[in-house]
Novice: 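Just dropping this structure here.
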Amino acid sequence: MNQSTEQKFWALLKQQSAYEEAIGLMAWDMRTKAPKKGIDNRSEVIGILAEKVHHIQTSEEISKYIEELKPKADDSKLRSALEDAEETFNRTNKIPAQLYKEFVTLQSSSESKWAEAKENGNFKKFQPYLEELVRYNQRFAELWGYKNHIYDALLHNYEPGVTVKQLDQVFPKVRDALTKLLNNVQLADAAPDPSLLQGHFPKQRQEQFSKEILKKMCYDFDAGRLDETIHPFAIGLNRNDVRVTTKYDEKDFRTAVFGTIHEGGHALYEQNIDPELSFTPLATGTSMGIHESQSLFWENFIARSREFWENHYPLFQSFAPERFKQIALDDFFFAVNEVKPSLIRIEADELTYCLHIMVRYELEKALISGEIKVKHLPELWNEKMKAYLGIVPHNDSVGVLQDIHWAGGDFGYFPSYALGYMYAAQFDAAMRKDIDVAGAVRSGDFQLIKEWLTKHIHQFGKTKKPLMIVKDVTGDGLNPDYLISYLTNKYKGIYQF
Ligand code: ZN
């Protein structure tokens, strides 16, 4: 019997998923276990498989199926898959192959120039590359098209449906509230003693604790594993194989403990997507921001809460060196919630983190729209750091050169991090209306929380756009008040002002 068009469409998507799973597994291997000498060969293999994916996404074949099926698609899974495939087809085909090839070449040379420039704190070395990367992004944005602001076209790659207009309504509010809150924290009399957390913490015991916590979060070890890496990540190959990686710093347990919980939050999302969506591009998180909301929810709203440590401090102490038995819960809790403006984004605490994002967002938006020039970046960066965080980098390595994103040609990505914080606060407030979150965390039983997240967020994969999930879960649009009041209440309590 001949296959129907719909069957052929699903079969083609399945083929695409198969290539993507192979790429994912190789990428995981490259970042965890692969021998150093194997990397170049493996990168080439990934490149060849990525071409296969690109070929399917931009093929006449898929375009024909979309055209035929779209008018009569009546079930929601098929409709979502068609919309997703059509959008990928249109956006990818808008960029001429030659232009994209040039960009990929520029990306790889820029990353190595950036690494060099960062090492020497020499922005000038990287400047011409960054100027080119900005130009390419501007060209892509023009080709993709936008309604109001050129940056919208780039934002769309990471947070579809969110626009500059929306961000400019909420980000300044967050920025101003957080700078004020930071000021209050700095004026407060109470202060934590972070030196309590120092000491030698054997890797093996950190690993045991990390595994225990992942299990408690309802992370399914029969559908995943935990490995070590340099830059931690989680990766969903399919819902039954979602891997977490972490990093053990024997001098600072926070890296592994909070890092594992963070990646565990990403992993739970991927493990709990509706199995019906398997082998389609819908079987993944819907956006960078929603994904980040899941990791940040577990890392901060749960694992940095007082209730969490009321239950888990004894467990932690059982794996920790002897001296932690002498440290009172209150002191420990205060120390892991220390607020301290830092130059480096990835080392920032929960309160100041979004301020780092504001610096980047404001600058990259102005770069793409042509309001500012690349050569002025270091100066503008330092001005904004001073204004929002009260500190100024002593050189560009710990300033404008610290992140790889721009060197990789990624513009429009940074806002996802701050959006993740805002979404997480909105979801947290909605969840607390439905279930006794504090009680569950205090009892150490996270089943209810996991079920709530699956029901309201995880199961949908990519079938719902980010703001649709926010609307359905909270009845509200993007609203920064939740994050502001969560942080205000928490830090007022801790720092007693
Ligand atoms: Zn993350």
Side-chain angles (χ1 to χ4, degrees), residues 24 27-28 31-32 155 157-160 162 174 210 213-214 217-219 224-237 239 242-249 254-273 284-305 308 336 342 344-358 360-361 402-406 408 410 412-428 449-450 453 457-458 461-462 466 469-470 483 486-487:
W28 170 83
R31 294 168 72 180
T32 51
L155 202 48
N157 290 333
Y158 308 98
E159 219 51 35
V162 176
V174 172
S210 295
I213 290 296
L214 281 177
M217 287 168 68
C218 309
Y219 170 76
R225 49 183 292 143
L226 176 67
D227 294 272
E228 205 182 336
T229 189
I230 298 168
H231 302 290
F233 62 96
I235 185 166
L237 302 169
R239 69 188 300 278
V242 181
R243 304 177 182 204
V244 174
T245 65
T246 196
K247 179 177 157 181
Y248 304 105
D249 178 345
R254 288 172 293 185
T255 307
V257 169
F258 294 109
T260 306
I261 294 172
H262 178 100
E263 299 307 335
H266 282 303
L268 278 185
Y269 191 177
E270 297 281 325
Q271 277 187 341
N272 292 294
I273 290 170
T284 188
T286 192
S287 73
M288 303 303 302
I290 298 288
H291 234 302
E292 208 54 24
S293 76
Q294 296 311 292
S295 52
L296 291 170
F297 170 76
W298 284 99
E299 182 192 347
N300 292 326
F301 293 74
I302 301 295
R304 281 186 213 271
S305 72
F308 180 85
V336 296
S342 66
I344 306 294
R345 174 183 63 87
I346 57 167
E347 290 168 6
D349 56 74
E350 176 185 34
L351 196 158
T352 56
Y353 188 90
C354 287
L355 294 172
H356 288 264
I357 301 307
M358 300 306 148
R360 288 153 181 77
Y361 166 66
Q402 66 183 271
D403 287 310
I404 194 171
H405 303 60
W406 291 343
D410 293 329
Y413 189 124
F414 281 120
S416 309
Y417 295 117
L419 286 167
Y421 269 86
M422 276 185 249
Y423 296 150
Q426 289 189 252
F427 296 152
D428 178 74
I449 295 177
K450 181 224 153 188
L453 291 169
I457 301 163
H458 298 171
K462 230 176 152 186
I469 292 188
V470 173
L483 178 65
Y486 158 76
L487 291 172

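None of the values given here were measured: they were computed from a predicted structure. Both ligands and their constituent atoms are indexed starting at 1 by order of listing.
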Novice: Can you list the residues that meet the ring pair (Phe, Tyr, Trp, His ring centres under 6.0 Å) rule with Tyr361, with sequence neighbours excluded?
Specialist: Tyr151, Phe171
Novice: Any sub-3.5 Å donor-acceptor pair from Thr229's side-chain atoms to Pro232's backbone N or O?
Specialist: no
Novice: Restricting to salt bridge (Lys or Arg N to Asp or Glu O under 4.0 Å), what partner residues turn up for Arg243, sequence neighbours left out?
Specialist: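 If we apply the salt bridge (Lys or Arg N to Asp or Glu O under 4.0 Å) test to Arg243, skipping adjacent residues, the hits are Asp241.
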Novice: I want to know whether Phe301 and Tyr486 have ring centres closer than 6.0 Å.
Specialist: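 Yes, ring centres under 6.0 Å apart.
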Novice: Would you list the protein N, O or S atoms within less than 2.8 Å of the Zn ion (ligand 1), leaving out water?
Specialist: His262 NE2, His266 NE2, Glu292 OE1, Glu292 OE2
Novice: What are the two closest non-hydrogen atoms of Ala234 and His266, and how far apart are they?
Specialist: CB-CB, 3.9 Å
Novice: Only counting residues at least two apart or in another chain, list the ones meeting ring pair (Phe, Tyr, Trp, His ring centres under 6.0 Å) with His356.
Specialist: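 If we apply the ring pair (Phe, Tyr, Trp, His ring centres under 6.0 Å) test to His356, skipping adjacent residues, there are no hits.
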